[in-house]
Each structure stands twice: as structure tokens, then as C-alpha cells.
Number of protein chains: 2
Amino acid sequence: MSNRVSESEQFVMEVLWQESPLSSQEVVERLKAQDWNEKTVKTFLNRMIKKGVIGFETQGRKYLYYPNIEREEFIQQESNGFLDKVFKGNVKELLATFVQNKQLSKQELDYLKTLLDKEQG
Amino acid sequence: MSNRVSESEQFVMEVLWQESPLSSQEVVERLKAQDWNEKTVKTFLNRMIKKGVIGFETQGRKYLYYPNIEREEFIQQESNGFLDKVFKGNVKELLATFVQNKQLSKQELDYLKTLLDKEQG
DNA sequence: CAGTTAAGATTACAGGTGTAATCTTAACTT
DNA sequence: AAGTTAAGATTACACCTGTAATCTTAACTG
């Protein structure tokens with residue numbers, strides 16, 4: 001229930017959010033950039049099942065895995081955790097930090113201003 | 001060298017960034033909201049020394065601790081890590097997520113727009 | 001000086017994580 | 001049917017972390 005997704009497991013989640021259900025072999029393939037041993041990926045899948053963050057359907061002797069949690073929801077939680085942990089909940093400071101330390105194109109800046117206007121209602 | 005600051009240790013860092021050098025007892029006091037046993041805080045200080053993220057001066061039989069890393073730098077690293085991990089480096093998406101999911105006051109929105117304008121140069 | 005404190009050092013211990021190797025066994029092959 | 005594969009299950013193991021308790025010993029107290 002309360003068990004969370006580790007950093008490595010998150011890569012697996014991303015794969016399944018992209019497309020599912022997938023066999024472990026397919027997950028392994030889509031993660032080859034990570035350069036993990038197949039056994040390692042299997043371990044992650046196993047643990048994630050136990051944690052309940054993914055589920056599976058059986059297909060013959062193999063499992064087809066799928067996510068049990070929404071990406072949006074997950075991002076939300078991670079974001080809030082980060083906000084609290086690093087910025088003590090101060091969104092303004094967080095936003096300022098990113099705006100000032102990351103190069104943003106004119107298009108992106110405009111887009112963000114539009115967003116702020118929309119928020120202003 | 002490469003060892004990082006854990007979540008609990010970060011609370012200790014915050015205290016020392018606020019004011020330093022401090023004795024372990026002073027650190028414990030400033031962390032009473034955390035409701036940690038004194039021994040626990042001492043453990044953190046000890047580990048942080050070993051990790052090299054804080055240092056100390058001796059004063060009689062006790063140590064006075066101080067940070068070895070800058071808060072700004074730390075925030076930067078944490079922020080970049082989070083950006084990459086959760087948003088795959090897409091700052092725009094990150095900013096949009098926070099702007100849209102957090103309640104921001106008119107003042108904050110105005111301030112942020114000013115920031116964006118400044119970025120626009 | 002002898003006893004008591006209390007500071008830091010060391011040890012403890014379980015749960016999570018990264019990183020696999022080995023075990024079991026159902027399914028595929030010949 | 002017998003052998004081979006390969007999928008998931010189990011086991012391994014070290015390091016990190018949270019959470020302290022115990023050990024040593026220098027400093028303070030009377």
C-alpha cells in the first residue's frame with residue numbers, strides 16, 4: 001500500500017506507462033539503454049508486483065505487466081515530495097529557481113506567461 | 001566525495017545553513033520539531049562528517065559543526081536531479097505542473113511574470 | 001583526586017535498493 | 001516422451017538509511 005517506487009523502478013514504470021501490457025522480455029528490451037542485466041530487471045518487476053505498483057495478466061508461462069498507478073498521480077506525488085523536501089513547500093522559490101537556472105526559449109517563456117495569465121483567471 | 005545527503009541529513013544541513021558553527025546539542029535543540037532522539041541526531045552528524053558534507057572545529061571536548069557545501073549548490077543539484085528523474089529534463093513541463101497544481105496568489109503570479117520578463121531580457 | 005557527565009565513537013539491527021545468480025518448473029522442441 | 005529453455009521465484013549480498021543503545025574517555029564537580 002504505502003510502498004514507494006525506487007529510482008530504478010521508476011524507469012520500469014516509464015516503460016509500462018509508455019505501452020502495456022508488456023512481457024518482461026519486452027520491458028528488458030525497452031530498457032537496454034539502462035544497460036541492466038535481464039535478471040536485474042526481472043528483480044525489479046518482481047518487487048514492483050509485491051509493492052502493488054504494477055500488475056500482470058498471464059499468457060502461457062509468462063506474465064504481461066501493466067501499471068497499477070497513473071503517471072499523472074505519480075508525478076504529482078513526487079513533485080509534492082520534492083517541493084516539501086527541498087523547498088519546504090515554497091512553490092514560488094521552486095519556480096524561481098528553475099526559471100532562473102535553466103535556459104528557456106522565448107517560446108517557452110511565452111507559453112509559461114500564458115499559463116500564469118490563465119491561473120490569474 | 002560522491003556520497004550524498006539523505007533526507008534526514010538534509011534537515012541537519014538546513015539547521016547548519018541557518019547558523020553555524022553549532023554544537024551537537026544546539027543542533028538537537030533546533031531539530032526538536034523533528035522529534036528525533038539525541039542519539040539519532042548524533043548519528044547523522046557522525047555520518048555527515050564521514051561523508052564530508054559537514055566539518056567541525058573542536059571546542060574542549062565537543063565539536064562545533066559547520067556545512068561544507070553551499071545551500072545554493074545543493075538545491076541546484078537536487079533540482080537538476082529531480083528534473084531529470086521525473087520530467088526527463090523538460091523544464092517547461094515541470095514548471096507547468098507546479099503552476100497548474102499549486103495555488104498561487106496574485107502576488108506570486110505577478111512576481112513570476114516579472115521573472116519571466118527578466119529572462120526574456 | 002575520585003566520581004559523574006556527557007561528547008563523540010562504535011556497534012546494532014531491520015528494511016530498502018542495486019545488482020545479480022541459482023532454483024523450480026511449466027512449456028516448447030525434436 | 002525426454003530433453004532443453006526460459007519464465008518467474010527464491011536467495012544472495014553489500015551498502016544506505018532510520019533509529020538508537022552501548023562503549024570510551026576527556027572534562028567537569030565536589
Side-chain angles (χ1 to χ4, degrees), chain A residues 1-16 20-66 68 74 77-78 81 84-86, chain B residues 1-16 20-66 74 77-78 81 85-86:
Chain A
M1 181 112 71
S2 75
N3 260 329
R4 231 37 345 229
V5 178
S6 81
E7 197 154 331
S8 295
E9 288 166 358
Q10 203 180 310
F11 283 94
V12 177
M13 288 307 302
E14 288 294 345
V15 165
L16 294 177
S20 78
L22 293 179
S23 69
S24 63
Q25 214 32 246
E26 291 169 321
V27 172
V28 168
E29 277 161 29
R30 286 166 177 67
L31 284 171
K32 68 172 186 300
Q34 233 53 40
D35 188 39
W36 281 328
N37 185 294
E38 172 223 0
K39 297 298 189 185
T40 300
V41 177
K42 300 278 192 84
T43 297
F44 292 151
L45 287 168
N46 219 294
R47 288 179 181 167
M48 292 164 82
I49 288 287
K50 292 208 177 112
K51 289 182 178 184
V53 295
I54 64 175
F56 63 86
E57 316 160 357
T58 51
Q59 185 203 49
R61 64 174 157 173
K62 64 176 60 169
Y63 293 174
L64 297 184
Y65 302 88
Y66 55 83
N68 267 344
F74 176 78
Q77 285 178 205
E78 290 294 300
D84 290 344
K85 189 163 75 73
V86 178
Chain B
M1 180 113 72
S2 75
N3 260 330
R4 229 41 340 232
V5 178
S6 82
E7 197 153 331
S8 295
E9 289 165 358
Q10 203 180 312
F11 283 93
V12 177
M13 289 306 302
E14 289 293 346
V15 166
L16 293 176
S20 79
L22 292 179
S23 68
S24 64
Q25 214 33 247
E26 290 169 322
V27 173
V28 167
E29 276 162 29
R30 285 166 176 67
L31 283 171
K32 67 173 185 301
Q34 233 52 43
D35 188 41
W36 281 327
N37 184 294
E38 171 223 1
K39 297 299 190 185
T40 300
V41 177
K42 300 277 193 83
T43 298
F44 292 152
L45 286 168
N46 218 295
R47 288 180 180 165
M48 291 164 81
I49 289 286
K50 290 209 177 111
K51 288 182 179 185
V53 295
I54 62 176
F56 63 87
E57 317 159 356
T58 52
Q59 185 202 47
R61 63 175 158 173
K62 62 176 63 170
Y63 292 175
L64 297 185
Y65 302 88
Y66 55 82
F74 176 77
Q77 285 177 206
E78 290 294 299
K85 188 163 75 72
V86 178

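Within every chain, numbering begins at 1; the chains are lettered A, B, ... in the order of the sequence lines, protein sequences first and strands thereafter.
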Open item on the list: Considering every strand and a 4.0 Å limit on heavy-atom distances, what is the contact class for B:Ser23: base, sugar-phosphate, or nothing?
Closed with: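 Answer is nothing: B:Ser23 stays at 4.0 Å or more from every strand.
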Open item on the list: At 4.0 Å (heavy atoms only), tell me whether B:Tyr65 reaches a base, stays on the sugar-phosphate, or touches nothing.
Closed with: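 Here B:Tyr65 touches the backbone only, sparing every base.
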Open item on the list: Counting only heavy atoms not in A:Glu7 (residues, nucleotides, ligands), do more than 12 fall under 6.0 Å from its CD?
Closed with: no
Given atom [atom1] of [X] and atom [atom2] of [N], what is their separation to the nearest angstrom?
{"X": "B:Glu38", "N": "D:dA20", "atom1": "CD", "atom2": "C1'", "result": "11 Å"}
{"X": "A:Asn37", "N": "C:dA21", "atom1": "CG", "atom2": "P", "result": "5 Å"}
{"X": "B:Lys62", "N": "D:dA26", "atom1": "NZ", "atom2": "C1'", "result": "13 Å"}
{"X": "B:Lys42", "N": "D:dA21", "atom1": "NZ", "atom2": "P", "result": "13 Å"}
{"X": "A:Ile54", "N": "D:dG8", "atom1": "CD1", "atom2": "P", "result": "10 Å"}
{"X": "A:Arg4", "N": "D:dT17", "atom1": "CZ", "atom2": "C1'", "result": "18 Å"}
{"X": "B:Lys50", "N": "D:dC16", "atom1": "NZ", "atom2": "P", "result": "12 Å"}
{"X": "A:Asp35", "N": "C:dA20", "atom1": "CG", "atom2": "P", "result": "8 Å"}

Using a distance-only criterion (donor-acceptor N/O pair, under 3.5 Å, no hydrogens), is the base of [N] paired with the side chain of [X]?
{"X": "A:Arg47", "N": "D:dT10", "result": "no"}
{"X": "B:Thr40", "N": "D:dA20", "result": "no"}
{"X": "B:Lys39", "N": "D:dT22", "result": "yes"}

Task: Side-chain heavy atoms of B:Ser24 within contact of B:Tyr65, under 4.5 Å - done: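 B:Ser24 vs B:Tyr65: side chains touch.
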Task: Side chains of A:Asn68 and A:Met48 in contact at under 4.5 Å (non-hydrogen atoms) - done: no
- [ ] Please report the shortest heavy-atom distance between B:Arg4 and B:Lys51, naming the atom on each side.
- [x] O-NZ, 2.6 Å
Open item on the list: Please find the pair of heavy atoms, one from B:Val5 and one from B:Gln10, that lie closest to each other, and give the distance.
Closed with: CG1-N, 3.6 Å
Open item on the list: Heavy-atom nearest nucleotide on DNA chain C for A:Gly60 versus B:Leu64: which residue maps closer to 5'?
Closed with: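 The residue mapped nearer the 5' terminus is B:Leu64.
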Task: Closest-nucleotide ordering on DNA chain C, the 5'-leading residue of A:Thr43 and B:Phe56 - done: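 Closer to the 5' end of DNA chain C: B:Phe56.
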Open item on the list: What's the angle between the local helix axes at either end of the helix from C:dC1-D:dG30 to C:dT30-D:dA1, using five pairs per end and rounding to 10 degrees?
Closed with: 10°
Open item on the list: Salt bridge check, A:Glu26 against A:Arg30: does any charged N sit closer than 4.0 Å to a carboxylate O?
Closed with: no
Does [N] have its OP1 or OP2 closer than 4.0 Å to a side-chain nitrogen or oxygen of [X]?
{"X": "A:Ser8", "N": "C:dT17", "value": "no"}
{"X": "B:Tyr63", "N": "C:dA9", "value": "yes"}
{"X": "B:Trp36", "N": "D:dG18", "value": "no"}

Task: Nucleotide of D:dA9, D:dC28, D:dT5 approaching B:Arg61 most closely (side-chain heavy atoms) - done: D:dC28
Task: Out of C:dG8, D:dG18, D:dT10, whichever nucleotide has its closest atom nearest the side chain of B:Ser6 - done: D:dG18
- [ ] Over 60° means perpendicular and under 30° means parallel, so classify the ring planes of A:Trp36 and A:Phe44, tilted if in between.
- [x]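 Correct class here is perpendicular.
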TODO: With rounding to the nearest 0.5 Å, note down the distance linking CD in A:Glu38 to NZ in A:Lys32.
DONE: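 Result: 15.0 Å between the selected atoms.
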